[in-house]
Protein chains: 2
Amino acid sequence: MPTTDPSERRATIEDVAEAAGVSVATVSRALRDLPNVATSTRLRVEQFAQQLNYRADPNASRLAAGRSGAVAMAVPVFNSWYFSEIVAGAEAVFADAGYDVLISAIPGPHRRALFVSQTAYQRRADGIIMVDLAMGQGERDVLLRAGVPTVTTGAKSADFPGVIIDNVAVGRTAATHLAGLGHQRIALIAGQNEDPLHFTVPEDRQRGFERELEAREIFFDPSLEAAGNFSVAGGYEAMVGLLKLDHPPTAVFAMSDEMAFGAIQAAREYGLGVPEDLSIMGVDDHDLAAAFGLTTISQQVDHQGPLAARLLLALLDDHQPDELMVEVPTVLVERTTTGPPV
Amino acid sequence: MPTTDPSERRATIEDVAEAAGVSVATVSRALRDLPNVATSTRLRVEQFAQQLNYRADPNASRLAAGRSGAVAMAVPVFNSWYFSEIVAGAEAVFADAGYDVLISAIPGPHRRALFVSQTAYQRRADGIIMVDLAMGQGERDVLLRAGVPTVTTGAKSADFPGVIIDNVAVGRTAATHLAGLGHQRIALIAGQNEDPLHFTVPEDRQRGFERELEAREIFFDPSLEAAGNFSVAGGYEAMVGLLKLDHPPTAVFAMSDEMAFGAIQAAREYGLGVPEDLSIMGVDDHDLAAAFGLTTISQQVDHQGPLAARLLLALLDDHQPDELMVEVPTVLVERTTTGPPV
DNA sequence: ATGAAAGCGCTAACAG
DNA sequence: CTGTTAGCGCTTTCAT
């Protein structure tokens, strides 16, 4: 008869209590470093716990304590440089703090609805980071009512703390750089036309870009705007379209480095020299920006993940963070893909 | 007196039972589609559950049922194209199957020990995917004894099912391509010298590479081997070192596309034309390989994540998968960074 | 087909 | 400083 062999069975808190000759409550306290435990007791408990290879069952403690010990990160997609960088940075901080990290890709409305209802309602995560997923009022309400500490990234939200950059300034910087070089016909490779995710970043960048051109009395021809979908392939396609125009641009501002890379590829295939015949710049300062010699606007992505994580940890520790909105500075990085027009 | 207002409190299974006029056991059965529930009852229960916005507390059900409803993925790092691609592919499959996905970066021995003991021992995940983290005997034993279904990727392991590629063939293909073009002095940009993670992929690729050269009676000069650390920066540095040699190579095989990108950058900065003066090829078929015109060996990374996920799901469903080892084919993708030597 | 009741393993008052 | 005792909310025999 297979009576559960105690050496095979996972040790429970009772096993430890028995071995150490104390109550389970004391074991619980000792192992969690709570006050009111004699040092000698604590030491003894720890010793037996180790010996029995005991670790508290997370599900039991979560149920009893009402916290999950996990945080969730929601991103539009994973396989994109920007998002994987954010996740990597935040994960390291959470892991150090002893939190499990749950991830969820939210590529569309379906997964999105699921995520909000499930994660917010079910007690799977003590807190959430929404990465570049601007929320509608309904979603905000769900999270607020559920009382789930939430931090946002990318999209500014009045309801939640977050780490942001000044995207209007990003657009302005791009226009300033390109116009300063003497360009008059500057194209814009933006995001999608449809925006199911309420993603506000592109509009801000575009606004800053257009306003700066306006201020300089440079006409922004609407036909010079193309959707690049924030992907390499999209940037390529957008550039191809732009190059086919009767009156093509002499410079291009792509809203992300990945789109800029695609644009560079298209330009080269078209036989154009960059920057001799066409200037191209991006946003991000991607790992490979230097390899392409890409002029870009850095947003210090490596800082953003850890910042967001620390913001959430502060919320979880119940002390309001010093600043609810952390703004990461952006800075123009001039390389070799931009120059004066011919 | 803040008596918990039932409309604010999360609905429990008891609330639903009461509303529907049945027992909690019946609610539990009905909501999980278990047999032995009258259709009419099930419908009624479902209706009230929805009305009360009820969803089972995962911690409670996990504790009671002994399963966590989550899977864990461990990767060396996140912010690398290859790993984020694998995670993205697997996450989509797991999410569809209703599993939570926990992630852990294992950059070094410390996090590694933590991961194995905690995740395997504590009941936080029902299964684990170890991505390119070849395990030592000790770790294998821990996982095997804990009985945690585990799937590996990259590093073949006799103890666990996994998805693999033939890395020896990868090395051979590279040597064949470059030697076939007529190169005699071929450099190798490999991984690290120290290998704390028991990562076997590099050795396999190197073995295939050297053997093929040997078969062709081409001498592989050990000074033509450089460590590139599987990063862009590492590839750059490695290439710089190679270029400073008295007798530099005419072709380079980098074990990853990211290292190849760095190498291309270095070569260009050095004033060398690629491939006129120097041929460079990589492994992966990275998103940006086409933008660089990089000749590479595709390993269909987009398939690997979903394959690994499905393997694990099969294990979790308790039916042994059809094949324990899924081998993904590799294929040479010729672009424009390789050509005959001058 | 349904219900009663015994846990799952831990935490958190409350006593002492 | 430590022990007792209720639960946390659900699942799962075992009856009926």
Side-chain angles (χ1 to χ4, degrees), chain A residues 4 6 9-46 48-49 52-70 98 100 118 121-124 126 146, chain B residues 4 6 9-46 48-49 52-70 98 100 118 121-124 126 146:
Chain A
T4 350
R9 197 171 47 79
R10 277 172 53 86
T12 72
I13 197 170
E14 277 193 85
D15 299 329
V16 179
E18 196 173 326
V22 295
S23 74
V24 294
T26 301
V27 173
S28 179
R29 291 190 196 103
L31 261 24
R32 285 180 301 148
D33 282 323
L34 294 187
N36 293 329
V37 178
T39 313
S40 60
T41 310
R42 171 161 304 163
L43 256 36
R44 195 151 35 84
V45 169
E46 280 169 353
F48 281 106
L52 293 174
N53 212 329
Y54 168 78
R55 268 184 265 9
D57 182 314
N59 297 124
S61 58
R62 287 167 189 185
L63 175 58
R67 4 180 338 281
S68 74
D100 281 350
Q118 295 204 344
Y121 273 25
Q122 303 197 26
R123 303 175 160 169
R124 308 196 274 183
D126 297 333
Chain B
T4 350
R9 198 172 47 79
R10 276 173 52 86
T12 73
I13 197 170
E14 277 194 85
D15 300 329
V16 179
E18 196 174 325
V22 295
S23 74
V24 294
T26 300
V27 174
S28 179
R29 291 189 194 104
L31 261 23
R32 283 178 303 146
D33 283 324
L34 294 187
N36 291 330
V37 178
T39 311
S40 61
T41 309
R42 170 160 306 160
L43 255 37
R44 194 150 37 84
V45 169
E46 280 169 352
F48 280 106
L52 294 173
N53 212 330
Y54 168 77
R55 265 179 281 343
D57 181 313
N59 298 125
S61 56
R62 287 168 190 185
L63 174 59
R67 356 176 353 276
S68 74
D100 280 350
Q118 296 205 340
Y121 257 71
Q122 303 197 23
R123 305 177 160 169
R124 306 202 272 186
D126 297 333

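Basis for what follows: all heavy atoms, side chains included, without hydrogens, waters or symmetry-related copies. All chains are named by letter (A, B, ...) in the order of the sequence lines, taking the proteins before the strands, and each is independently numbered beginning at 1.
Atom CZ of Arg62(A) and atom P of dC10(C) are 13 Å apart (whole Å). One atom, CZ of Arg10(B), and another, P of dG9(D), lie 8 Å apart when rounded to the nearest Å. A straight line from CZ of Arg32(B) to C1' of dT12(D) spans 8 Å, rounded to a whole angstrom. Distance, Leu63(B) CG to dG7(D) P: 17 Å, rounded to whole Å. Per the geometry, CG belonging to Leu34(A) stands 13 Å off C1' belonging to dC1(D), to the nearest Å. Put simply, CG on Leu52(A) is 15 Å from C1' on dG9(C), counting in whole angstrom units. Here dG9(D) presents its C1' atom at 15 Å from CD of Glu18(B), a figure rounded to the nearest Å. To the nearest angstrom, C1' of dC8(D) lies 14 Å from CZ of Arg67(A).
When each of Ala64(B) and Val37(B) is assigned the nucleotide of DNA chain C with its nearest heavy atom, Val37(B) is the one assigned upstream, toward the 5' end. Heavy-atom nearest nucleotides on DNA chain C were determined for Ala65(B) and for Gly21(B), and the one closer to the 5' end corresponds to Gly21(B). Nucleotides of DNA chain D nearest to Val24(A) and Arg44(A) differ in position, and the one nearer the 5' end is that of Arg44(A). Residue whose closest nucleotide on DNA chain D sits further toward the 5' end, between Ile13(B) and Pro35(A): Pro35(A).
Which of dG9(D), dT2(C), dT2(D) sits closest to the side chain of Arg29(A) comes down to dT2(D). Listed nucleotides dG3(D), dG3(C), dA12(C) differ in distance to Val22(B); the shortest reach to its side chain belongs to dG3(C). Comparing dG3(D), dG3(C), dG9(C) by their nearest atom to the side chain of Ala25(A) picks out dG3(D).
Taking 4.5 Å as the limit, every side-chain heavy atom of Glu18(A) sits out of range of all side-chain heavy atoms of Val16(A). Side-chain contact between Arg62(A) and Ser68(A) is present, with at least one heavy-atom pair separated by less than 4.5 Å.
Residue Ser23(A) places at least one side-chain N or O closer than 4.0 Å to OP1 or OP2 of dG3(D). Residue Ser28(A) places none of its side-chain N or O atoms closer than 4.0 Å to OP1 or OP2 of dA12(C). OP1 or OP2 of dG9(D) has not a single side-chain nitrogen or oxygen of Thr12(B) nearer than 4.0 Å.
In terms of heavy-atom proximity, Ala17(A) sits nearest to Ser23(A) at CB-C, 3.8 Å.
Within 4.0 Å of Asn36(B), counting heavy atoms only, lies at least one base atom of the nucleic acid. Residue contacts shown for Ala38(B) are limited to sugar-phosphate atoms, with no base heavy atom under 4.0 Å away.
Proximity of a side-chain donor or acceptor of Arg10(B) to a complementary backbone N or O of Arg55(B) within less than 3.5 Å is detected. Looking only at distances, a side-chain donor or acceptor of Arg42(B) sits under 3.5 Å from a matching main-chain atom of Leu34(B).
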